[in-house]
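Structure, as C-alpha cells:
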Amino acid sequence: MTRRQWLPMMVLTAVGSVVTGCGGPADSAQPAAPAPPPTPPRCASGGGARAAPTPGRASGRSAAASPTAEARGAGISTIPDWITDADQQVAARFVILANTPDGQIDESATEAWARAARLATPKLAADMKSGRAPMGGGFAQVKAKKGWMSVSIQNVLGGAQAPGASAVAGPIPILFTQSTHIGDAVTRDQTVQEWDVTVTGGKVADFDAKET
C-alpha cells in the first residue's frame, strides 16, 4: 500500500471516533479488542444516568419527631404588642407556658408547669416540679381527644404602663382566659383568671393563682 492510499484510511478512522460520545475530544485510536458494554455518556446538557445516592445519606425531612416539641397552645398564645416592660413580658410568658398543656405531648397538666419552671428562680422551679402545680383533672378529657389549651392575655397590670413610665414594684397581675382546642372546635372559657406574678432579676420568684 502506498503512502497516498494509507492516508485516507487514517482520516476515516479519526472521523469515526469524533462523531461518537458527547461532543468531547476524540480518543486515540486503539487496536481492536473486546470492550465492556458502553456506559451512557454524561453530557453537559444534563443527559445520562443519575448518580446513586451516598449510602447512609437520607434526602428530605427526617421522619423522627423532635423530642423538644413545643406545646401547640404556647405557640399561638402571644403577648400583646403593647406589653413592652421586660418584667411584664416574663410574667405573661410564664402564665402562657403554665396554662397551655397539650394532649399530644403531655401526660398531665403538670408537664406544662415544668415548661414554665424554666422561667422561674431555682427555688420556685423546685417547688413547681415537686407537686405544687394542680393536677388539672379537667385536662384528662382534653388529652383523651388529643386536644390542647391556649391562653388569651386580657390585661397586664403593674410594671411600666406606658413608654417612659416607672415600673411598679411588687407582683404583676396577669389577667387571661383559656380556650380548649379539640380538632377544629374551639371552646373559650369566659372565666377571667388572675395570676399575680413576682419577677426578680428577670426570673419569676413567686406567683398567686386566683380567679376573678
Side-chain angles (χ1 to χ4, degrees), residues 56-81 83 86-156 171-212:
R57 183 177 180 181
S59 59
R61 297 178 60 185
S62 171
S66 169
T68 57
E70 182 183 39
R72 288 170 286 179
I76 71 166
S77 302
T78 59
I79 300 173
D81 293 338
I83 300 177
D87 286 351
Q88 285 184 328
Q89 291 177 345
V90 170
R93 188 61 183 166
F94 176 82
V95 167
I96 288 173
L97 291 178
N99 290 279
T100 52
D102 190 328
Q104 191 166 275
I105 62 175
D106 296 333
E107 290 301 321
S108 70
T110 57
E111 293 183 42
W113 285 59
R115 289 190 289 272
R118 299 196 301 262
L119 300 181
T121 60
K123 183 179 184 304
L124 178 59
D127 289 344
M128 294 176 69
K129 293 176 182 178
S130 66
R132 175 176 171 177
M135 294 306 294
F139 178 65
Q141 298 179 3
V142 176
K143 177 175 174 55
K145 298 179 180 180
K146 299 297 183 184
W148 47 285
M149 310 289 291
S150 65
V151 165
S152 176
I153 300 293
Q154 302 298 308
N155 203 356
V156 176
I172 301 173
I174 308 291
L175 307 180
F176 66 98
T177 58
Q178 282 181 294
S179 294
T180 302
H181 304 252
I182 297 178
D184 294 331
V186 181
T187 303
R188 180 176 175 179
D189 187 347
Q190 299 298 321
T191 302
V192 177
Q193 303 181 59
E194 178 182 337
W195 280 26
D196 295 341
V197 183
T198 301
V199 179
T200 302
K203 291 286 188 178
V204 176
D206 199 6
F207 68 95
D208 180 21
K210 57 187 178 182
E211 294 183 359
T212 58

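Keep in mind that this is a model prediction, so the values were computed, not measured. Numbering of residues begins at 1 and proceeds along the displayed sequence.
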* To do: Determine, step by step, whether Ile174 and Val156 satisfy the side-chain contact (heavy atoms from CB on, under 4.5 Å) criterion, reporting the C-alpha distance in whole Å, the side-chain angles of both residues, the deciding distance to 0.1 Å, and the verdict.
  => CA-CA 5 Å; Ile174 308 291; Val156 176; 3.7 Å; yes
Can you name the nearest heavy-atom pair linking [X] to [Y], along with the distance?
X: Ala117; Y: Ala125; value: O-CB, 3.7 Å
X: Gly147; Y: Ile182; value: CA-CG1, 4.2 Å
X: Val204; Y: Val197; value: CG1-CG1, 3.6 Å
X: Thr100; Y: Gly73; value: CG2-C, 3.8 Å
X: Ser179; Y: Val186; value: CB-CG1, 4.1 Å
X: Thr200; Y: Ala205; value: OG1-CB, 3.8 Å

* Does the side chain of Arg72 come within less than 4.5 Å of His181's, by heavy atoms? ->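 Side chain of His181 against side chain of Arg72, heavy atoms only: no contact under 4.5 Å found.
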* Asked: Are any non-hydrogen side-chain atoms of Ile172 and Phe94 less than 4.5 angstrom apart?
  ->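 When only atoms from C-beta onward are counted, Phe94 and Ile172 do not touch, as no gap falls below 4.5 Å.
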* Using the test side-chain contact (heavy atoms from CB on, under 4.5 Å), find all partners of Lys203 that sit at least two apart in sequence or belong to another chain. =>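 Residues passing side-chain contact (heavy atoms from CB on, under 4.5 Å) with Lys203: Thr121.
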* To do: Could you pull out all residues at least two apart from Arg93 that satisfy side-chain contact (heavy atoms from CB on, under 4.5 Å)?
  =>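 Only Glu70, Ala74, Ile79, Ile96, Leu97, Leu119 meet the side-chain contact (heavy atoms from CB on, under 4.5 Å) criterion with Arg93.
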* Result of checking Val192, Asp189, Val151, Asn99 against Thr177 for side-chain contact (heavy atoms from CB on, under 4.5 Å) ->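 For Thr177, the side-chain contact (heavy atoms from CB on, under 4.5 Å) check succeeds only for Val192.
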* Checking side-chain contact (heavy atoms from CB on, under 4.5 Å) for the pair Ile105/Glu111: CA distance, chi angles, key distance, verdict? -> CA-CA 9 Å; Ile105 62 175; Glu111 293 183 42; over 6 Å; no
Once you round to the nearest 0.5 Å, how far does [atom1] of [X] lie from [atom2] of [Y]?
X: Thr180; Y: Arg188; atom1: OG1; atom2: CZ; value: 12.0 Å
X: Asp196; Y: Phe207; atom1: CG; atom2: CZ; value: 11.0 Å
X: Gln104; Y: Lys146; atom1: CD; atom2: NZ; value: 7.0 Å
X: Gln178; Y: Thr187; atom1: CD; atom2: OG1; value: 12.5 Å

* Asked: Is it the case that Thr191 and Gln193 place a side-chain donor and acceptor less than 3.5 Å from each other?
  ->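 Side-chain D/A pair, Thr191 to Gln193: absent.
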* Donor-acceptor under 3.5 Å (Gln89 side chain, Ile83 main chain) ->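 Yes: the side chain of Gln89 pairs with the backbone of Ile83.
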* Measure the acute angle between the ring planes of Trp195 and Trp113, then classify it against the limits of 30° and 60° as parallel, tilted or perpendicular. =>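 Trp195 vs Trp113 ring planes: tilted.
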* Asked: Hey, are Asp106 and Arg115 close enough for a salt bridge, meaning a charged N less than 4.0 Å from a carboxylate O?
  ->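 Salt bridge between Asp106 and Arg115, a charged N being under 4.0 Å from a carboxylate O: yes.
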